[in-house]
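Computed from a prediction, not measured in an experiment: that's the story for all the values here. Counting starts at 1 for both ligands and their atoms, following the listed order.
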Amino acid sequence: MKLFYWSKILYLVSFLAPTFAGVFAGGLSPQVPHRLIHQFPVMTWLQSVYVRSNGDILTSTASPDASVYYVSGVVTGEPVVSLLHRFEGLNVTTAMVEYEPDVYIVIAGQQSTIGRGINGTFGMWQLDFRPTVQTNPGSPNITELVHFTEGGLCSGFDRLPHAPHILLVSDTTIGGVWRVDLRSRQLDLAIEDIHMRPLPWALTQAGITNLHIRNGYIYFTNSYEATVYRLAITEDGYAAHDGDSEVVKKVRSLFVDNFDFGPRGGDTIWAASHANNQLLAITSDGEDTVVLGTPNEMTLAGPVATMFGRLDNDTDTLYVVTDGGLLTAVNGTTVEGGKIVAVDTRPFFKSLLSDASELEDL
Ligand SMILES: *[C@@H]1O[C@H](CO)[C@@H](O)[C@H](O)[C@H]1NC(C)=O
Ligand SMILES: *[C@@H]1O[C@H](CO)[C@@H](O)[C@H](O)[C@H]1NC(C)=O
Ligand SMILES: *[C@@H]1O[C@H](CO)[C@@H](O)[C@H](O)[C@H]1NC(C)=O
Ligand SMILES: *[C@@H]1O[C@H](CO)[C@@H](O)[C@H](O)[C@H]1NC(C)=O
Ligand SMILES: *[C@@H]1O[C@H](CO)[C@@H](O)[C@H](O)[C@H]1NC(C)=O
């Protein structure tokens, strides 16, 4: 099966990697409290996670098909999972947002093998549940809002704070950012930067992956470089004058996938290392810490994306979705179903505080 081709190569790389000093951040077995919310069948690769303001979670898949699932009852401990939509004829979904109450925007397209998008097949779809919002899960009215005819694998997006109908969309194949106006349904390749480009040695043509707009910058990952960059943008979503990207942090990992800031909008970056089976926290002073998982454990087998809870009682909870080890099987052999894991981030900040007080004691 083609899928495991990558898996083998990445596993070989990860096997060799510890011989190069400092590649792995995780020698110890870091553990913060965490609990399983739901696990899908084997071969399910969860690609994105979106937490609604009511605590429910949406997650979407890159294998075995392009589906969006709805998870209610996340905080009650009795989650109920239902299929919201399966895109017929497509086989990967990448990013998701609730655009208006009960209206979701999802990027979906086709890939030849996982992570290798087929050029010209990606689109931004609207799933509008308003007509049937009373029924659970309801049947959405589905419209393709824009099609990336000239694009490759579109992997992430964020909304402009001052014009939330405008989205910046990362195109990992091209190595650039599309600016999409959902009102006019116009798009243009607004930002290109050398660090967004795919690396020549990478296993797939993949550069910029995830992006977040924050304080006048886009923060983005170049996954194979394991680096978070930022680039200054204008209020209307173009690169600011003479703006080259700058390194926020290069982490000791083989790969870095999607991330979130938080908790409660804070500056710490919570990144899914994917191939390393670890969750990383990068604080604003540039320190990176493995918060959960080690390369040879199933705790977070192939973490792909993260998002913080939004209810009063789960704002410290980071929801992490996994591919179950489909990218890099744990120890080269073990896979499981992709899962949603709730991670309690409070001990991490407590440990930072105790470090600080130790310093004061000296
Ligand atoms: C995804 O669908 C396309 C178009 O049908 C097909 O060529 C491709 O092999 C599929 N990819 C996977 C991983 O099944
Ligand atoms: C579905 O969406 C389309 C496009 O936005 C709209 O024209 C149509 O009226 C909607 N149908 C329903 C049942 O709401
Ligand atoms: C897809 O598009 C990218 C960027 O334009 C290009 O480099 C690549 O060769 C294309 N892939 C295929 C299979 O045509
Ligand atoms: C991977 O191998 C290590 C070392 O042999 C072992 O301790 C660990 O339990 C293995 N992990 C899994 C998921 O089998
Ligand atoms: C958290 O808040 C939600 C919504 O207000 C509530 O349904 C849930 O029971 C709360 N959970 C706990 C553990 O207090």
How about atom 2 (O) of ligand 4: does it have a protein heavy atom within less than 4.0 Å?
yes

Yes or no, since that's all I need: does a protein heavy atom fall within a distance strictly under 4.0 Å of atom 13 (C) of ligand 3?
no

Flag the pair F220 / N210 as yes when at least one side-chain heavy-atom distance between them is below 4.5 Å, and no otherwise.
no

With a 4.5 Å limit on heavy-atom distance, are the side chains of R35 and I340 in contact?
no

Which of the atoms in ligand 1, numbered in the order shown and given with their element, are less than 4.0 Å from a heavy-atom of Q110?
4 (C)

Name the closest protein heavy atom to [atom], giving the residue it belongs to and the distance to 0.1 Å.
{"atom": "atom 11 (N) of ligand 3", "value": "N119 ND2, 2.9 Å"}
{"atom": "atom 7 (O) of ligand 1", "value": "I118 CD1, 4.3 Å"}
{"atom": "atom 6 (C) of ligand 3", "value": "Q205 NE2, 3.8 Å"}
{"atom": "atom 5 (O) of ligand 3", "value": "I174 CG1, 4.2 Å"}
{"atom": "atom 8 (C) of ligand 1", "value": "Q111 O, 3.5 Å"}

Would D316 and R264 count as a salt bridge (charged side-chain N to carboxylate O under 4.0 Å, His left out) if you check the C-alpha gap in whole Å, the side-chain angles of each, and the deciding distance to 0.1 Å?
CA-CA 8 Å; D316 289 298; R264 288 173 293 279; 3.0 Å; yes

Would you say N331 has any N or O atom under 3.5 Å from an N or O of ligand 4, going by distance alone?
yes

Does E246 have more than 12 heavy atoms from other residues, nucleotides or ligands lying within 6.0 Å of its CD?
yes

If I apply the N/O under 3.5 Å rule, does N91 come out as touching ligand 1?
yes

Under 3.5 Å between some N or O of ligand 1 and some N or O of S112?
yes

List every atom of ligand 4 that sits less than 4.0 Å from any heavy atom of M298, numbering the atoms from 1 in the order shown and giving each element.
13 (C)

Paired with F308, the side chain to side chain contact (heavy atoms under 4.5 Å, CB included) test is passed by just one of T317, V51, T345, namely T345

Per-residue contact class, N296 against ligand 4 - non-hydrogen pairs under 4.0 Å:
both

Within the 3.5 Å criterion, strictly below it, is a donor on [X] or [Y] matched to an acceptor on the partner's side chain?
{"X": "N331", "Y": "T333", "result": "no"}
{"X": "H274", "Y": "D323", "result": "yes"}
{"X": "T209", "Y": "S223", "result": "yes"}
{"X": "D260", "Y": "W270", "result": "no"}

